[in-house]
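Presented below is the structure to which this report refers.
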Amino acid sequence: MRARDLMAGEAGFPAVRLDDDALDVTRRLAELHLPGLIVVDDENRPLTILPGSQVLRFLIPRYVQDDPALARVIDESHADRLRANLEGRRVADLLPAEKLPLPLADADDTALEIAALMARTRSPLVAVVEDGRLLGVVTSTGLLERLLAG
């Protein structure tokens, strides 16, 4: 099985751009139950990955990240206001200062090559490219499902 056969979603995996609205992108991430999104440039060339965990790092105040006991004492109404941190922000604002490496696979790479790439990079997503442009994405859950279906 090749990467082109393993790509997630029939309509293609959603990609985002640096200027996309952060709140809209986060809603899409949550609604589609995705582990992350691929960030592309205007010519649909993959730039980096925006993992859901990075969005959480942006949403959760640093003092709560540093002291998890505080998470227990913050009431739910305060937690509901965390989304305000995303209002007026762009995808570029959510990305870490150090760009995350984006695992890239050729459309003809095998399932085992992709699995090895995911394991090596610890990424839940691999961007499948052809001629430098994003064709689609292989997710770790989709790949595991295919590998275990045997």
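You'll find the side chain of Leu86 reaches within 4.5 Å of the side chain of Phe58, heavy atoms only. Contact check for Leu134 versus Ile38: side-chain heavy atoms found under the 4.5 Å cut-off.
Rounding to the nearest 0.5 angstrom, the gap separating the CD atom in Gln54 from the CG atom in Leu59 is 10.0 Å. Residue Asp5 holds its CG atom at 9.0 Å from CG of Asp108, rounded to the nearest 0.5 Å. Taking CZ of Arg17 as the start and CG of Leu47 as the end, the distance is 9.5 Å to the nearest 0.5 Å. To the nearest 0.5 Å, atoms CG (Leu23) and CZ (Arg28) are separated by 11.5 Å. Going from atom CD of Glu113 over to atom OG1 of Thr110 covers 3.5 Å, rounded to the nearest 0.5 Å. Separating the CG atom in Leu94 from the CZ atom in Arg57 is a distance of 12.5 Å, to the nearest 0.5 Å.
The two residues Arg89 and Asp93 have their closest heavy-atom pair at CA-OD2, 3.4 Å. Shortest non-hydrogen contact noted between Val138 and Ala3 is CG2-O, 4.0 Å. Of all the heavy atoms in Ile114 and Ala105, the pair that sits closest is CG1-CB, 4.2 Å. Here the closest non-hydrogen pair linking Leu102 and Pro46 is CD2-CB, 3.2 Å. Across every non-hydrogen atom of Pro103 and Thr121, the tightest pair is CG-OG1, 3.4 Å. Heavy-atom minimum distance, Gln65 versus Ile60: NE2-O, 2.7 Å.
Within 6.0 Å of the CG atom in Asp131, the count of heavy atoms belonging to other residues, nucleotides or ligands does not exceed 12. The environment of Arg45 atom CZ is dense: over 12 non-hydrogen atoms of other residues, nucleotides or ligands sit within 6.0 angstrom. Environment of CG in Leu112: sparse, with no more than 12 heavy atoms of neighbouring residues, nucleotides or ligands closer than 6.0 Å.
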| So Val91 and Val39, side-chain contact (heavy atoms from CB on, under 4.5 Å) or not? Walk me through it. | CA-CA 8 Å; Val91 166; Val39 181; 4.1 Å; yes
| What do the steps show when you test Leu29 against Val55 for side-chain contact (heavy atoms from CB on, under 4.5 Å), and what is the final call? | CA-CA 10 Å; Leu29 191 69; Val55 176; 4.1 Å; yes
| field | CA sep, side-chain torsions, deciding dist, call: Met1, Leu6, side-chain contact (heavy atoms from CB on, under 4.5 Å) | value | CA-CA 7 Å; Met1 185 142 315; Leu6 296 166; 3.4 Å; yes
| request: Run the numbers on Leu37 and Ile49 for side-chain contact (heavy atoms from CB on, under 4.5 Å), then give the verdict. | output: CA-CA 6 Å; Leu37 294 166; Ile49 184 173; over 6 Å; no
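No path of Ile, Leu, Val, Met, Phe, Trp and Tyr side chains, each step under 4.5 Å between heavy atoms, connects Leu144 with Leu117, placing them in separate hydrophobic clusters.
Each of Leu50, Asp41, Leu95 was compared with Leu18 under the side chain to side chain contact (heavy atoms under 4.5 Å, CB included) criterion, and only Leu95 meets it. Here the rule is salt bridge (Lys or Arg N to Asp or Glu O under 4.0 Å) with Arg90, and of Asp19, Asp20, Asp24, Asp21 only Asp21 fits it.
With hydrogens and angles ignored, the 3.5 Å screen pairs no side-chain donor or acceptor of Arg2 with any backbone N or O of Ala107.
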